[in-house]
J.: 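Below is a structure I'd like to ask you about.
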Amino acid sequence: MTESKKIAIIGAGLGGAAAGRLLQRAGFDVDVYEQAPEFSRIGAGIHVGPNIVKIFREMGLEQELEELGCDPDAWTSRDGSTGEIIAQANVRGYGATYITVHRGDMHALQVSSLDQSKLHYGKKLESAVQHNDRVELKFNDGTTATVDIVIGADGINSKIRELLLGEEAPLYSGWVGHRALIKGDKLKKLQAEYDLDDCVKWWHEDRHMMAYYTTKKRDEYYYVTGVPHPPLDTQGRSFLESSHEAMYEAFEGFHPCIQAMIEASENITIWPLNNRNPLPVWSEGRFVLLGDACHPMKPHMAQGAGMAIEDAAMLTRCLLQTGLDDYTTAFKLYELNRKDRATKVQAVSNANTFLKQPEDPSWVYAYDALTTPIVQLAGEVA
Ligand SMILES: Cc1cc2nc3c(=O)[nH]c(=O)nc-3n(C[C@H](O)[C@H](O)[C@H](O)COP(=O)(O)OP(=O)(O)OC[C@H]3O[C@@H](n4cnc5c(N)ncnc54)[C@H](O)[C@@H]3O)c2cc1C
C-alpha cells in the first residue's frame, strides 16, 4: 500500500525503531525523530524472547539478530547463596529462538533497517500542537514538521505522554540495577573456573543478579542486578558509575561465582529503576503512545523492550486495518488489544516473581503479536 498521509515517530529507541521499520515496510510514510545526535554501544545486554524474535522475522532482521546473539536453551534460576537450581524454564519450542544480545548491537541493527533519509538525529521534540487536520511539531534546533499522526516512542520521560496527561515525574521503584560486561582474558579465567550458564538469574530474598552471554561466540558475558537502594541523584543522567567495592557490599555472602563475576567485570554502572502506574489513556486525538512512554516497568522479566516492540507490531496491524484516515479507530483497537497484556507484564515485572519458582512461561513466549486475532471494538474478532 502507499499512503500520502504522514506519520511522525518521536524517539528511535528499541520501540520507535521497530515501529518505524514495521510501518515503513507496510507502506506508510514515516519519519523518525531522535533527540540524540547519534547512538553509541553502551555496556548493556538484552533478552529477546521468542515473542519478539517473531517480530524481528517480520522486520526481515531475524537471521541477522541470530548472528549477533547467543541462543540459550533455558532460563535458569539459582539460589544466590548455594547455587542450587530452583527453577529452569526451557525457552525453546515457542516458534522462534530466544536470543540474548548486546543491546547496542541489536539497536544498531534496527536503526540501520530504517529508511535513512527518514531518520532524523539531533531533533529533540519541544512542542506538538494538534489542529483539526494536522499536527505541527517543533524541535530544539528550530526546525518544524507537519504530520497527520504522532507516535510517542520517546521513553519514560515522554514529551507526548506529558502533552496527553500533564507533567509528572516517573516513580522511583526503590531499586537500582548495576550493569557490567566481562570480556577477554577475564572472561576466559571465569569460564575456566565456573561452568557459566548461558542465561541465569541468581536470586536472594530482596535482590538478584541476572547474567548471560551477549554474543553468539560467547566471548562477552553481562550481568544486570536488582538491588534495593535509597534514591540516587543522577543529575539528569540515566545512570552513574559504580564500583567493585559497592558490588561486593551489595552481594556479600553470595555464591563464589558471583564474587568472581564482580571481580572480572569492568566499567560497572548503576541505574535507578523508575516506573509509572498504568496510564488512564494511551492516545488522544492524533497522538498515541508506545513502549516505555506508555508502560515503563522494572526490567526484571526482561520484557520491557519486548512490550514496546509488540506494541509496534499491533499498532501497525491496527493502522493497516483501518487506514490512516481512521486513526481514531486504529488507536482504540490498539489500546484494546495491548493494554491487558502490557499491564500484566508490567505488574509481574515490577513484583519480580517471574521464574523465581518453576512456572510455565508460555503466556509470555508463545504469544505472537502478528497473528493473534485482533479483538474488534464491538467485541468480534477479525
Ligand atoms: C537495567 C535495565 C535492563 C533492561 N533489560 C531489558 C531486557 O533484558 N529485555 C527487555 O525487553 N527490556 C529490558 N529493559 C527495558 C528496556 O530497556 C525498555 O523497556 C526499552 O528500552 C523501552 O523502549 P522504548 O523505545 O519505549 O524507549 P527507549 O528505549 O527509552 O527509547 C526512547 C527514545 O526516545 C528518545 N527521546 C526521548 N525524548 C525525546 C524527545 N523529546 N524528542 C526526540 N527523541 C526523544 C530517546 O533519546 C530514546 O532514543 C531494561 C531496562 C533497564 C533499565
Side-chain angles (χ1 to χ4, degrees), residues 8-20 31-40 42-49 51-53 55 69 75 98-104 106-107 110-111 119-128 137-141 145 150-163 170 173 175-180 199 201 208-212 214 222-227 238-239 269-276 289-312 342 345-346 349 354 364:
I9 298 176
I10 308 302
L14 301 174
D31 284 89
V32 185
Y33 297 95
E34 168 56 46
Q35 66 179 2
E38 60 182 353
F39 289 117
S40 55
I42 57 162
I46 193 157
H47 297 232
V48 200
N51 52 318
I52 305 312
V53 176
I55 302 171
W75 162 316
Y98 193 109
I99 296 173
T100 58
V101 65
H102 193 290
R103 182 191 172 99
M106 170 172 129
H107 187 222
Q110 288 183 255
V111 169
L119 172 59
H120 313 283
Y121 286 106
K123 300 272 180 196
K124 180 173 184 173
L125 182 74
E126 280 195 336
S127 69
L137 302 174
K138 190 166 174 209
F139 301 97
N140 64 336
D141 61 355
V150 179
I151 299 174
D154 46 348
I156 191 165
N157 295 305
S158 167
K159 182 78 185 168
I160 301 297
R161 191 214 65 85
E162 188 185 307
L163 292 171
S173 67
W175 285 39
V176 294
H178 304 87
R179 287 167 143 175
C199 176
K201 190 161 174 178
H208 65 259
M209 179 187 279
M210 182 102 214
Y212 52 91
T214 54
Y222 165 75
Y223 66 70
V224 55
T225 73
V227 175
S238 306
F239 64 90
T269 53
I270 180 169
W271 302 62
L273 302 180
N274 297 320
N275 56 29
R276 292 185 188 276
L289 297 172
L290 166 161
D292 276 11
C294 196
H295 41 65
M297 60 189 80
K298 283 162 79 187
H300 308 323
M301 249 178 101
Q303 281 285 334
M307 291 305 104
I309 294 169
E310 284 186 5
D311 286 350
V345 169
Q346 194 182 23
S349 204
F354 186 62
V364 184

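Both counts, for ligands and for their atoms, begin at 1 and track the order of listing.
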J.: Under a 4.0 angstrom heavy-atom cut-off, which atoms of ligand 1 come close to Gly16?
T.: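 Taking each heavy atom of Gly16 in turn, ligand 1 has 25 (O) under 4.0 Å.
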J.: May I ask you to list the atoms of ligand 1 that are less than 4.0 angstrom from any heavy atom of Lys123?
T.: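 Listed by number with element, the hits are 42 (N), 43 (C).
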J.: Please check if the side chain of Tyr212 supplies one atom and the backbone of Lys201 the other of a donor-acceptor pair under 3.5 Å.
T.: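 Not a single qualifying donor-acceptor pair exists.
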J.: With atoms numbered from 1 as shown, which atoms in ligand 1 lie under 4.0 angstrom from a non-hydrogen atom of Gly306?
T.: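 Listed by number with element: 11 (O).
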J.: Is it the case that the ring center of Phe354 lies less than 6.0 angstrom away from the ring center of His300?
T.: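 His300 vs Phe354: aromatic centres not under 6.0 Å.
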J.: NE2/His178 to OG1/Thr225 distance, rounded to the nearest 0.5 angstrom?
T.: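 Going from the NE2 atom of His178 to the OG1 atom of Thr225 covers 5.0 Å.
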J.: Identify, for atom 8 (O) of ligand 1, the protein heavy atom at the shortest distance, and state residue, atom and that distance.
T.: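 That would be His47 N, 3.1 Å.
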J.: Please compare Pro272, Gly304, Pro299 and report which has the shortest non-hydrogen distance to atom 4 (C) of ligand 1.
T.: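 Checking each option, the heavy atom nearest atom 4 (C) of ligand 1 is found in Pro299.
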J.: Hey, is the main chain of Gly291 close enough, under 3.5 Å, to the side chain of Asp311 for a donor-acceptor pair?
T.: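 Yes: the side chain of Asp311 pairs with the backbone of Gly291.
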J.: Can you tell me which residue and heavy atom of the protein come closest to atom 37 (C) of ligand 1, and the distance to 0.1 Å?
T.: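 I find the closest protein heavy atom is Asp154 O, 3.2 Å.
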J.: Measure from atom 16 (C) of ligand 1 to every heavy atom in Ala305, Ala19, Gly226 and give the option owning the shortest one.
T.: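 Minimum heavy-atom distance to atom 16 (C) of ligand 1 goes to Ala305.
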J.: Polar contacts were defined as any N/O atom of the residue lying under 3.5 Å from an N/O atom of the ligand; does this apply to Ala308 and ligand 1?
T.: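 No: no nitrogen or oxygen of Ala308 is under 3.5 Å from one in ligand 1.
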J.: Taking N or O atoms only and a 3.5 Å limit, does Gln35 qualify as a polar contact for ligand 1?
T.: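 The answer is yes, given that Gln35 and ligand 1 share an N or O pair closer than 3.5 Å.
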J.: Distance under 4.0 Å to a non-hydrogen atom of Gly11: what atoms of ligand 1 satisfy this?
T.: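 Near Gly11, the atoms of ligand 1 are 33 (C), 34 (O), 35 (C), 44 (N).
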J.: Go through ligand 1 atom by atom and flag the ones less than 4.0 Å from a non-hydrogen atom of Ala302.
T.: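 Within the 4.0 Å cut-off of Ala302, ligand 1 contributes 7 (C), 8 (O), 9 (N), 10 (C), 11 (O).
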J.: With a 4.0 Å cut-off on heavy atoms, does Arg103 reach ligand 1?
T.: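 Right, Arg103 reaches ligand 1.
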J.: Which ligand 1 atoms, with their elements, are less than 4.0 angstrom from a heavy-atom of Gly15?
T.: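 Numbered from 1, ligand 1 contributes 23 (O), 24 (P), 25 (O).
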J.: Return the residue, atom name and 0.1 Å-rounded distance of the protein heavy atom closest to atom 18 (C) of ligand 1.
T.: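 Ranked first by proximity to atom 18 (C) of ligand 1 is Asp292 OD2, 3.3 Å.
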J.: Would you say the side-chain atoms of Arg161 pair up with the backbone N or O of Ile156, donor to acceptor, closer than 3.5 Å?
T.: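 Looks like no, no N/O pair under 3.5 Å.
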J.: Ligand 1 and Tyr222, any nitrogen or oxygen pair closer than 3.5 angstrom?
T.: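 No - when backbone and side-chain N and O of Tyr222 are compared with those of ligand 1, no distance drops under 3.5 Å.
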J.: Would you mind checking which non-hydrogen protein atom is closest to atom 32 (C) of ligand 1, with the distance to 0.1 Å?
T.: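 Going by distance alone, atom 32 (C) of ligand 1 is nearest to Ala153 O, 3.4 Å.
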J.: Nearest to atom 46 (C) of ligand 1, what protein heavy atom do you find, and at what distance?
T.: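 Atom 46 (C) of ligand 1 sits closest to the protein heavy atom Glu34 OE2, 3.5 Å.
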J.: Tell me the contacting part of Phe139 for ligand 1: side chain, backbone, both, or neither, using a 4.0 Å heavy-atom threshold, strictly below.
T.: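 The answer is neither; Phe139 stays 4.0 Å or more away.
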J.: With rounding to the nearest 0.5 angstrom, report the OH to CD1 distance, Tyr33 to Ile9.
T.: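 So the OH of Tyr33 and the CD1 of Ile9 are separated by 10.5 Å.
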J.: What protein heavy atom is closest to atom 6 (C) of ligand 1, reported as residue, atom name and distance in Å?
T.: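 Checked against all protein heavy atoms, atom 6 (C) of ligand 1 sits closest to Ile46 CG1, 4.0 Å.
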J.: Atom 1 (C) of ligand 1: which protein heavy atom is closest, and how many Å away?
T.: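 Here the closest protein heavy atom is Arg179 NE, 3.2 Å.
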J.: Please compare Ala44, Gly155, Gly13 and report which has the shortest non-hydrogen distance to atom 27 (O) of ligand 1.
T.: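 It is Gly155 that holds the nearest heavy atom.
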J.: Quick check on contacts: which atoms of ligand 1 are under 4.0 angstrom from a heavy atom of Leu14?
T.: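 Listed by number with element: 21 (O), 25 (O), 29 (O).
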J.: Which distance, rounded to the nearest 0.5 Å, do you find between the CE of Met297 and the CG of Asn274?
T.: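 Met297 atom CE to Asn274 atom CG measures 13.5 Å (nearest 0.5 Å).
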J.: Answer yes or no: is there a donor N or O on one side and an acceptor on the other, between the side chain of Ser349 and the main chain of Lys298, under 3.5 Å?
T.: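 Yes, the answer is positive, given that a donor and an acceptor are paired below the 3.5 Å cut-off.
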J.: Is there a donor-acceptor contact under 3.5 Å from the side chain of Asp31 to the main chain of His120?
T.: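 Looks like no, no N/O pair under 3.5 Å.
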J.: Considering residues at least two apart in sequence or located in another chain, which fulfil the salt bridge (Lys or Arg N to Asp or Glu O under 4.0 Å) criterion with Glu162?
T.: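 Result, salt bridge (Lys or Arg N to Asp or Glu O under 4.0 Å) vs Glu162: Lys159.
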J.: Are His107 and Val101 packed together at the side-chain level, in the sense that at least one heavy-atom pair is separated by less than 4.5 angstrom?
T.: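 No. Closest side-chain heavy atoms not under 4.5 Å.
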J.: Regarding Asn275 and Gln346, do their side chains bring together a donor and an acceptor under 3.5 Å, going by distance alone?
T.: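 Gln346 and Asn275 do not have a side-chain donor-acceptor pair below 3.5 Å.
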J.: From Ile10 CD1 over to Leu289 CG, what is the distance, rounded to the nearest 0.5 angstrom?
T.: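 Going from the CD1 atom of Ile10 to the CG atom of Leu289 covers 11.5 Å.
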J.: Could I get the full list of side-chain contact (heavy atoms from CB on, under 4.5 Å) partners for Ala12, not counting sequence neighbours?
T.: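 If we apply the side-chain contact (heavy atoms from CB on, under 4.5 Å) test to Ala12, skipping adjacent residues, the hits are Val32, Glu34, Phe39, Leu119.
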J.: Give a yes/no verdict on whether any heavy atom in Trp271 is under 4.0 Å from an atom of ligand 1.
T.: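 No, that is not the case, since the closest heavy atom of the residue is not under 4.0 Å from the ligand.
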J.: Using a 4.0 Å cutoff against the non-hydrogen atoms of Gly291, which atoms of ligand 1 qualify?
T.: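 Reading through ligand 1 atom by atom, the close ones are 26 (O).
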J.: Would you find a donor on one side and an acceptor on the other, under 3.5 Å apart, between the side chain of Thr214 and the backbone of Gly45?
T.: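 No; zero donor-acceptor contacts below 3.5 Å.
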J.: Among all protein heavy atoms, pick the one closest to atom 42 (N) of ligand 1 and tell me residue, atom and distance.
T.: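 Answer for atom 42 (N) of ligand 1: Leu125 N, 2.9 Å.
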